[in-house]
Protein chains: 2
Amino acid sequence: MIIDLDLQSEIPIYTQLVQTIKKGIALKELVPGEALPSVRSLAADLGINLHTVNKAYQLLKQEGYVFIHRQKGVVINPEGVPKADEVYVEKLKGDLEPLIVDAICRDMDEERFIQLCREQFKKFR
Amino acid sequence: MIIDLDLQSEIPIYTQLVQTIKKGIALKELVPGEALPSVRSLAADLGINLHTVNKAYQLLKQEGYVFIHRQKGVVINPEGVPKADEVYVEKLKGDLEPLIVDAICRDMDEERFIQLCREQFKKFR
DNA sequence: ATAACTGTTATATATATAATATAACAAATG
DNA sequence: CATTTGTTATATTATATATATAACAGTTAT
C-alpha cells in the first residue's frame with residue numbers, strides 16, 4: 001500500500017494518514033482482519049514520529065475502522081466498518097453543505113455536481 | 001441576516017463566518033452589489049475581534065465572493081460569484097473524495113448518497 | 001475644517017493544535 | 001531473556017487561532 005504524505009500540506013499528517021487508510025479500505029486493498037504496521041515501523045517507514053501514527057490509529061479506532069489489541073497490534077475491524085447510522089448521516093449532511101453552497105454560488109448545475117459524485121464512486125468499484 | 005457562531009466549535013470563527021456569508025449568497029439573502037457590515041460593526045455585533053472578521057472578508061475576497069474598496073467597504077461581487085472553473089472543480093473533487101470514501105466504507109448506497117445531495121440542493125431553490 | 005468612518009498595518013499576548021524527541025512501562029511473543 | 005506491542009509521560013518547537021490596542025491614510029458627513 002502506497003502512502004504518500006505531503007509534509008507541507010495544511011492538512012495534518014495524521015489526517016492524511018487516516019484518509020489514506022480509509023481509502024485503502026474503500027478500494028479493498030485493506031480487508032477486514034488485516035493487520036496494519038506497528039506505530040513504530042510505519043513511523044519509521046514514513047519518516048515521521050510514532051505519536052503521529054498513533055494519533056491516526058486512535059482516530060480510526062474511535063470511528064470503528066480498526067481494533068487495537070494492546071500487545072498484538074492494530075487490525076482492520078474484522079466485522080467490517082460500522083454501517084451508516086443516523087449520527088453518521090447527520091455528520092455527512094453537515095460536511096456536504098459547504099460544498100453544495102459553494103457549487104450553487106458558482107452556478108454549478110445540480111446534475112453536474114451529481115455527475116462528479118458518481119465519477120468518484122466509480123473509482124471504488 | 002442571522003449569524004449564529006459557535007465559539008466552542010473546533011471550526012474557526014472566521015471559517016464559520018465565511019460559510020454563513022456564502023450560505024446567505026446561495027439563499028439569495030445577499031445579492032450582488034450588496035454592502036456587508038464594516039469589520040468593526042460586525043465584530044461588535046458578534047462580540048468578536050475585528051481581525052477575525054477581517055480574515056473572513058479577506059478569504060471571501062480571495063475566492064472572488066466580495067470586492068473590498070479601501071475606504072468604502074466590502075460589497076458582494078456585483079458581477080456575481082465567479083463561475084465554476086477547472087481549478088474549482090478539481091478542488092471540489094478533492095473535497096468530495098474523503099466523504100465518498102467514508103460512505104463506501106460504511107456501505108452506503110451510491111443512490112442514497114446522491115439523494116442526500118439532492119436534498120441539500122433543494123434547500124437553495 | 002473637523003469628526004467619524006473605512007480597510008489596513010503593526011505589535012503583543014494567550015491559547016490550542018500539530019509534530020517531534022526521549023524515555024519508560026506492562027504484556028505478549030520469539 | 002530479549003524483542004515487540006500499544007501506552008503513558010514529559011518536554012520542546014512551530015504554527016494557527018483569537019484577542020487587545022494603537023496608529024495610519026483616505027473618504028464621507030456634518
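The model shown is predicted, which means the values in this text are computed figures rather than measured ones. Residue numbering restarts at 1 for every chain, and letters A, B, ... go by the order of the sequence lines.
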>> Between A:Q19 and A:K22, do the side chains contain a donor N or O and an acceptor N or O under 3.5 Å apart?
In response: no
Is any side-chain N of the basic residue among [X] and [Y] closer than 4.0 Å to the acidic one's carboxylate O?
| X | Y | answer |
| --- | --- | --- |
| A:R118 | B:E111 | yes |
| A:K23 | A:E29 | no |
| A:K93 | A:E90 | yes |

Considering only [options], which nucleotide approaches the side chain of [X] most closely?
| X | options | value |
| --- | --- | --- |
| B:Q71 | C:dA19, D:dT27, D:dT7 | D:dT27 |
| A:R70 | C:dT6, D:dT17, C:dC25 | C:dC25 |
| A:P12 | C:dA18, D:dA9, D:dA18 | C:dA18 |
| B:Y14 | C:dA18, D:dA20, D:dA18 | D:dA18 |
| B:T52 | C:dT8, D:dT19, C:dA23 | D:dT19 |
| B:K72 | C:dA27, D:dT28, D:dT7 | D:dT28 |
| B:I13 | C:dG7, D:dT19, C:dT22 | D:dT19 |

> DNA chain C: A:N49 or B:G73, which has the more 5' nearest nucleotide?
Replying inline: B:G73
[X] [atom1] to [N] [atom2]: how many Å, rounded?
| X | N | atom1 | atom2 | result |
| --- | --- | --- | --- | --- |
| B:H51 | C:dA12 | NE2 | P | 14 Å |
| A:L46 | C:dT20 | CG | C1' | 15 Å |
| A:K55 | C:dT20 | NZ | P | 12 Å |
| A:L50 | C:dA24 | CG | C1' | 13 Å |
| A:D6 | C:dA18 | CG | C1' | 15 Å |
| B:R40 | C:dT8 | CZ | P | 11 Å |
| B:L7 | D:dT19 | CG | C1' | 12 Å |
| A:I68 | D:dT8 | CD1 | P | 10 Å |

>> Looking at every non-hydrogen atom in both residues, tell me the closest pair between A:A103 and A:F113 and how far apart they are.
In response: CB-CD1, 3.9 Å
> At under 4.0 Å between heavy atoms, what does A:Q58 touch on the DNA or RNA strands: base, sugar-phosphate, or nothing?
Replying inline: sugar-phosphate
> Under 4.0 angstrom, heavy atoms only, what part of the nucleic acid is B:Y57 near: base, sugar-phosphate, or nothing?
Replying inline: nothing
